[in-house]
Amino acid sequence: MRASVALLLLAAVLCLGGGRTAAASPDFDYPAAFNFGDSNSDTGGRIAAGFEPMPPPYGSTFFGAPSGRFSDGRLILDFLMDAMDMPFLNAYLDSVGAPNFRAGVNFAQAGCSITPATATSVSPFSFGLQIKQFFAFKEKVTRLLSQGDRYRRYIPQLDYFSKGLYMFDIGQNDLAGQFYSSTEDQVIASIPTILLEFETGLKTLYDQGARKFWIHNTGPLGCLPQNIALFGKDPTQLDELHCVAKHNRAAKIFNLQLHALCTKLRSQFAGANITYIDIYSIKYALIGNYSRYGFESPTQACCGYGGPPLNYDGRVPCGQTKSVNGNLVTAKGCSDSTEYVNWDGIHYTEAANFHVTSQILTGKYSDPPFADRMPFLIKPRF
C-alpha cells in the first residue's frame, strides 16, 4: 500500500456514551456484536441467499477469493471487529464452513432497505425482516443452550444478548433507489417515514434487552460513480467535488433527522448507550482530500468498464463479461486497489474502508464523543 496509508497506525480511544439517563460504558468490552445493514456491512448474506454470484476479483486483496463482501477486501465492520479484538461476523444465512456465532452474527443483506420490501425491491431482507431473523436466532440459541453444553462453543450465551453491541449501517438504499422514479422533494418528504420504521425496529430491540447501540449515518450518495454516471450528465447538477448535489442534499437531511432521532431515544431508552457515527463527513472529506491520504482517484471505480473518468458502466458489473454493442467486454479490477477510493462503482475499496475506520476510532465523528478510557491500535494488513 502507498506509504502514507500503509504506515498509518491509529492509537484511538473509544468508549460508548449515553444521554442524561444512561451511564457511560467504562470498558469497550463486548462479548458479542449483532449487525443490521445493507451491502456496506454484508459479510456474505446476499450471496448465501443465492440472489447472485460473486466472481473474482471481489475479495482478492485480503481473502484471496470472493468472501461475500462487496469489496476487494475487508469492510468497515471487519475493521471495527478487529479493533475490538473480536472475530469477523458470520452472515446469518451462511451455514457453509461450520460458522461460529459465539461472538455474534451479521444480518446485513446487500440491497436491503429500512422500509419493507416491495415486489421491485433489490432484496426482500428489509430492516424489519432482519430483526425477525434476530429473534429467530435468539430463540434457537435459547433452545440449544437448554439442551446442555454441546453447542456452547458455537453460539452466544444468553447474557450476551443484553451485554452485546447492536450495530446499524442502513438507509442508503431507501434514498438512492427512490431517485430513479421520484423528485428530490419527494425523496426528502419520505425521510420521516423511513426513520419511523427505523425507530420502531430500535424500540423492538430495546424492549427485548438491547442496550448498546452503534448507529452509522449514510454516506455521500452523490459521490458514487454509479450515481454520477446516471444523474451527473448535466454539470450544473454537480457540487464542488463533482458529485451529484441532490443525492448528497438528501443524504444530509436524512442524517440530520437520524441524529435527532438518536438524541430523542437517549432520553427514552433508560440504561441504554446510543452512539451516532458521522460516516458522511468522513467519506466526503476523503473524497475531497483523497491525495492527502495516498489515493489517486476519488470517484473512479477500480473494478469496472468504460475507462476514466468513472470506469463504470451499469451494463457490465465488476468481474463479469457482458455483450455491449455486439462485443464481449469484461469489467476487470485495477492493478492496485489501494490507489482507489471506490471499488465497483457503488462500494468502497478495503483501503478506503480502513481509512474510514481509522477516522471513526479517533472519536471526533461520534455523538457523544468517545471518552479516553480504552486505547485501540488498528494496524493495516494489506
Side-chain angles (χ1 to χ4, degrees), residues 38-40 70 76 111 113-115 122 169-195 198 215-261 276-293 295-302 304 306-315 340-349 352-353 355-356 359 364-365 367:
D38 52 32
S39 58
N40 290 312
F70 286 82
I76 295 171
S113 58
I114 293 175
T115 51
V122 175
D169 191 331
I170 193 169
Q172 174 174 321
N173 294 319
D174 293 88
L175 301 178
Q178 287 192 74
F179 275 107
Y180 290 93
S181 59
S182 303
T183 66
E184 179 183 352
D185 288 342
Q186 289 172 327
V187 174
I188 291 172
S190 73
I191 291 174
T193 301
I194 297 170
L195 290 179
F198 187 60
I215 301 172
H216 289 184
N217 71 12
T218 199
L221 308 181
C223 297
L224 299 177
Q226 180 190 60
N227 290 329
I228 299 173
L230 294 174
F231 300 97
K233 294 181 175 64
D234 181 356
T236 65
Q237 300 301 309
L238 303 178
D239 65 12
E240 64 276 7
L241 298 186
H242 303 286
C243 302
V244 184
K246 64 180 181 180
H247 284 63
N248 284 352
R249 284 194 295 265
K252 287 190 283 189
I253 292 172
F254 175 88
N255 291 339
L256 284 171
Q257 294 186 29
L258 175 62
H259 193 183
L261 173 62
Y276 169 89
I277 307 296
D278 187 5
I279 296 294
Y280 183 100
S281 292
I282 298 174
K283 288 184 174 179
Y284 198 72
L286 169 60
I287 292 166
N289 301 281
Y290 63 94
S291 60
R292 179 186 304 174
Y293 301 114
F295 293 92
E296 296 289 339
S297 178
T299 56
Q300 179 176 322
C302 167
L310 298 176
N311 194 36
Y312 178 82
D313 188 324
R315 299 170 296 178
Y340 291 75
V341 171
N342 193 277
W343 167 242
D344 59 3
I346 306 171
H347 309 96
Y348 286 66
T349 60
N353 287 330
H355 170 82
V356 172
Q359 295 303 299
K364 296 186 298 183
Y365 296 92
D367 178 29

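What you are looking at is a predicted structure, and each value in this text was computed from that prediction instead of being measured. Positions are given from 1 along the sequence.
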Asker: Roughly how far, to the nearest 0.5 Å, is the CD1 atom of Ile170 from the CZ atom of Phe198?
Answerer: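 Result: 7.5 Å between the selected atoms.
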Asker: What's the spacing between Thr218 OG1 and Lys283 NZ if we round to 0.5 Å?
Answerer: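 Thr218 atom OG1 to Lys283 atom NZ measures 7.5 Å (nearest 0.5 Å).
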Asker: Between the main-chain N or O of Gln300 and the side-chain N or O of Asn342, is there a donor-acceptor pair closer than 3.5 Å?
Answerer: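 No.
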Asker: Is any side-chain heavy atom of Ser190 less than 4.5 Å from a side-chain heavy atom of Gln178?
Answerer: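 Touching, per the 4.5 Å side-chain cut-off.
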Asker: In chain order, what residues pass the side-chain hydrogen bond (donor to acceptor under 3.5 Å, both in side chains) check against Asp185, with sequence neighbours excluded?
Answerer: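 Testing Asp185 for side-chain hydrogen bond (donor to acceptor under 3.5 Å, both in side chains), a comparison that skips the adjacent residues, returns none.
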Asker: Quick one: salt bridge (Lys or Arg N to Asp or Glu O under 4.0 Å) partners of Asp278, sequence neighbours excluded?
Answerer: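 Not a single residue meets the salt bridge (Lys or Arg N to Asp or Glu O under 4.0 Å) criterion with Asp278.
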Asker: Given 3.5 Å as the limit, does a donor-acceptor pair link the side chain of Thr349 with the main chain of Tyr340, or not?
Answerer: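 Yes, Thr349 side chain to Tyr340 backbone: donor-acceptor pair under 3.5 Å.
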Asker: Taking Leu258 as the fixed residue, which of Ile215, Ile253, Ile194 is the one that meets the side-chain contact (heavy atoms from CB on, under 4.5 Å) rule?
Answerer: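 The single option meeting the side-chain contact (heavy atoms from CB on, under 4.5 Å) with Leu258 is Ile215.
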Asker: To the nearest 0.5 Å, what is the distance between CD1 (Ile287) and CG (Asn248)?
Answerer: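 Separation between the atoms: 8.0 Å.
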Asker: What residues, two or more places apart in sequence or in another chain, satisfy side-chain hydrogen bond (donor to acceptor under 3.5 Å, both in side chains) together with His216?
Answerer: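 Partners of His216 by the side-chain hydrogen bond (donor to acceptor under 3.5 Å, both in side chains) criterion, ordered by chain and then number, come out as Asp169, Trp214.
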Asker: Heavy-atom distance under 4.5 Å between the side chains of Leu286 and Phe295, does that happen here?
Answerer: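 Yes - at least one pair of side-chain heavy atoms lies under 4.5 Å apart.
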Asker: Within this structure, what is the CG-CG distance for the pair Asn227 and Leu221, rounded to the nearest 0.5 Å?
Answerer: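 Those atoms lie 6.5 Å apart.
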Asker: Going by the ring pair (Phe, Tyr, Trp, His ring centres under 6.0 Å) test, name the single residue among Tyr276, Tyr280, Phe254 that passes it with His259.
Answerer: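 Testing each of Tyr276, Tyr280, Phe254 against His259, the sole residue satisfying ring pair (Phe, Tyr, Trp, His ring centres under 6.0 Å) is Tyr276.
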Asker: With ring centroids as reference points, do Tyr180 and Phe231 lie under 6.0 angstrom apart?
Answerer: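 Yes, ring centres under 6.0 Å apart.
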Asker: Determine, for Phe179 and Lys246, whether the Lys NZ or Arg CZ falls below 6.0 Å from the six-membered ring centre while staying within 45 degrees of the axis.
Answerer: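 Geometry flag: not set, cation outside 6.0 Å or 45°.
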